[in-house]
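Remember, it's a predicted structure, so these values are computed and weren't measured experimentally.
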Amino acid sequence: MKLGSEVSIVRYLVLIYYLLATTVFYMLAIYVSGNGISFQIFGGGDDGLFYWEQAMNVFYDLSWIRTSIYPWIIGKYLQLIGAESVFAIRMFNFVGVVLLIHFSLKLVTVQLESISLKKNATEIRKRAYLLSLVSYIAYISLFFNITTSIFRDVWIYMLFVTATYLATRWLFEKNWTYFMLLVPTIWLLGQFRTYALLSFVLAMSIWFVVTLVKRPVVFLIMFLIVFGVIYSFFMDIQVPIVERTLRSALQYRSSGLGQLGGSSQMGIQLDATNYLGFLANYAHSYLGNLVGPLPWHIRSVSTLIAFVIEAVPMILILGFLWLRRGWVTKVQGFILTQAFVWNGLIAITNDNIGTSLRLRAIAYLLILLVFVVTYSQYRAETGKKSSSFSRQ
């Protein structure tokens, strides 16, 4: 499905916007710190300096700390071009932005193809593409995550969206070429962040089981029972892919409460003495990570800003999708499954609102890409009814 000239122009404008932004933040970071690595909007530290240090170790063929494949990639990239350049890394990450937007539009396309568009098809497609592009400007924390530092995040977002697109093509078109492309994509996703790979595989498994059972409520009850047994008796069994236990994940979260306690913490303890207590606190954490900060989490100006510009709009978007849930296709259901399972995983380990803004971007992007298609349908329907009424 070809993009119209207007959509193409807007896409290039969005890319220019991100290119100019990362350049400006690079110059601001040079002015503030002299290295151009990170410009901190709200203060505090970030991982950008760590990635730079490890990339330099790779560049000089020294030992490096492997938290992901990202430092090795950018270190080898700098070796290839023969320069110790922070700006070169920013341009490398800009390629990730280009690919992210490209595959986001692809994911919109595969949704549009799953819908029986009759009248107003051109209008629906155009509005869906334009709204998806505008989302990359309106989604402020995503914009900052990508442009203010040399985070690996843009590659995680891109690979997750790409993997979701390839999976939809494979599952719903039975095209095994996409499966062959999916395997190396999710492998690379796991090299950037193992939890992202676990989430993707888990969501795929849940999708297959729900499709087989055909009764989501029955599956949910079965899942809660099985997880209750694991929580009560098998917390020390290692989870495949991440090679960690549930107990260690909960302990990691609790240690964060002690070390990082402050205005940005939700203060939710998950290592309860009984399973019902865990479920109650987990529901709180799930909501906090999905649409937080919740009103009772607002303790600073920064959390208030996050609530207004991010939490409230997402609550409205989710409410809209719930009211129009009858319009959601199987393809869109799969995309939303990926989003909600990812949020479910970060809700286990994360209690920090600032970290949540970075991690949940995967879920937000997938939800937004479903929303723009559903909303475009809605606008076309309401416009058609209005024109029919006016003619009468």
Self-check item: Arg193 vs Phe160, side chain to side chain contact (heavy atoms under 4.5 Å, CB included): CA-CA, chis, key distance, verdict
Solution: CA-CA 10 Å; Arg193 193 177 193 97; Phe160 207 107; over 6 Å; no
Quiz item: Where do Ile74 and Trp52 land on the side chain to side chain contact (heavy atoms under 4.5 Å, CB included) test, with the steps shown first?
Solution: CA-CA 9 Å; Ile74 57 178; Trp52 172 252; over 6 Å; no
Practice problem: Determine, step by step, whether Arg11 and Glu6 satisfy the salt bridge (Lys or Arg N to Asp or Glu O under 4.0 Å) criterion, reporting the C-alpha distance in whole Å, the side-chain angles of both residues, the deciding distance to 0.1 Å, and the verdict. | Solution: CA-CA 9 Å; Arg11 177 174 60 175; Glu6 186 176 344; over 6 Å; no
Quiz item: Between Phe50 and Thr67, is a side chain to side chain contact (heavy atoms under 4.5 Å, CB included) present by the stated rule, with each step listed?
Solution: CA-CA 10 Å; Phe50 170 79; Thr67 56; 3.5 Å; yes
Practice problem: Quick one: do Ile305 and Ile140 satisfy side chain to side chain contact (heavy atoms under 4.5 Å, CB included)? Show the steps, please. | Solution: CA-CA 11 Å; Ile305 293 172; Ile140 303 300; over 6 Å; no
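Between Trp170 and Tyr178, the ring centre distance reaches or exceeds 6.0 Å. For Tyr26 and Tyr31, the distance between ring centers is not under 6.0 angstrom. Aromatic ring centres of Tyr286 and Phe340: separated by at least 6.0 Å.
Side-chain polar atoms of Tyr129 and Thr109 form a donor-acceptor pair below 3.5 angstrom. Side-chain N/O atoms of Ser356 and Asn352 include no donor and acceptor closer than 3.5 Å. Gln191 and Arg66 form a side-chain donor-acceptor contact under 3.5 Å, judged by distance and modelled atom types alone. Looking only at atom types and distance, the side chain of Thr245 has a donor-acceptor partner in the side chain of Ser248 under 3.5 Å away. A donor atom on one side chain and an acceptor atom on the other are not found under 3.5 Å apart for Ser8 and Ser5. With hydrogens and angles left out, the side-chain atoms of Tyr136 and Ser104 include a donor and acceptor closer than 3.5 Å. Side chains of Gln79 and Asp61: a donor-acceptor N/O pair is present below 3.5 angstrom, by distance only.
Distance alone, capped at 3.5 Å, is enough to place a donor-acceptor pair between the Asn281 side chain and the Gln269 backbone. Judged by distance alone, with hydrogens and angles left aside, the side-chain atoms of Ser232 form no donor-acceptor pair with the main-chain N or O of Val229 at under 3.5 Å. Without hydrogens or angle criteria, Thr194 side chain to Ile241 main chain gives no donor-acceptor distance under 3.5 Å. Remark: the backbone N or O of Gly344 is paired with a side-chain donor or acceptor of Tyr282 at under 3.5 angstrom. Listed for the Asp351 side chain is a donor-acceptor partner under 3.5 Å among the backbone atoms of Met266. At least one donor-acceptor pair under 3.5 Å links the side chain of Asn289 to the backbone N or O of Ser285. A donor-acceptor distance shorter than 3.5 angstrom exists from the side chain of Gln332 to the backbone of Thr329, with no hydrogens or angles considered. For Arg152 (side chain) and Ser68 (main-chain N/O), no donor-acceptor pair under 3.5 Å exists by modelled atom type. Between the side chain of Glu243 and the main chain of Val239, no donor-acceptor pair closer than 3.5 Å is present. In this structure a side-chain-to-backbone donor-acceptor pair under 3.5 Å is missing from Ser199 to Tyr195.
Using cut-offs of 30° and 60° on the angle between ring planes, the pair His284 and Trp296 is tilted. Ring geometry, Phe103 versus Tyr165: the interplanar angle falls from 30° to 60°, so the pair is classed tilted.
Annotation for Leu62: atom CG counts as buried by contact number, over 12 foreign heavy atoms lying within 6.0 Å. Counting heavy-atom neighbours within 6.0 Å of Met235 CE, excluding the residue itself, gives a total above 12.
Of the residues listed (Phe320, Tyr364, Tyr378), the one engaging Phe371 in a ring-ring contact (aromatic ring centres under 6.0 Å, His included) is Phe320, and it is the only one.
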Just list the side-chain donor-acceptor pairs under 3.5 Å for residues 81-98, sequence neighbours left out, or say none.
{"unit_1": "Glu84", "atom_1": "OE1", "unit_2": "Tyr60", "atom_2": "OH", "d": "3.3"}
{"unit_1": "Glu84", "atom_1": "OE2", "unit_2": "Tyr60", "atom_2": "OH", "d": "2.1"}
{"unit_1": "Ser85", "atom_1": "OG", "unit_2": "Phe87", "atom_2": "N", "d": "3.4"}
{"unit_1": "Ser85", "atom_1": "OG", "unit_2": "Ala88", "atom_2": "N", "d": "2.9"}
{"unit_1": "Arg90", "atom_1": "NE", "unit_2": "Gly36", "atom_2": "O", "d": "3.2"}
{"unit_1": "Arg90", "atom_1": "NH1", "unit_2": "Thr22", "atom_2": "O", "d": "3.3"}
{"unit_1": "Arg90", "atom_1": "NH1", "unit_2": "Thr22", "atom_2": "OG1", "d": "2.9"}
{"unit_1": "Arg90", "atom_1": "NH1", "unit_2": "Thr147", "atom_2": "O", "d": "2.7"}
{"unit_1": "Arg90", "atom_1": "NH2", "unit_2": "Gly36", "atom_2": "O", "d": "3.4"}
{"unit_1": "Arg90", "atom_1": "NH2", "unit_2": "Ile37", "atom_2": "O", "d": "3.1"}
{"unit_1": "Arg90", "atom_1": "NH2", "unit_2": "Thr148", "atom_2": "O", "d": "3.0"}
{"unit_1": "Asn93", "atom_1": "OD1", "unit_2": "Tyr70", "atom_2": "OH", "d": "3.3"}
{"unit_1": "Asn93", "atom_1": "OD1", "unit_2": "Trp155", "atom_2": "NE1", "d": "2.8"}
{"unit_1": "Asn93", "atom_1": "ND2", "unit_2": "Tyr70", "atom_2": "OH", "d": "3.0"}
{"unit_1": "Asn93", "atom_1": "ND2", "unit_2": "Phe151", "atom_2": "O", "d": "3.4"}

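The minimum heavy-atom distance between Leu131 and Val372, with the atom names listed, is CB-CG1, 3.6 Å. Considering every non-hydrogen atom in both Leu250 and Tyr231, the closest pair reads CD1-CE1, 3.9 Å. The two residues Ala203 and Gln338 make their nearest non-hydrogen contact at CB-OE1, 3.3 Å.
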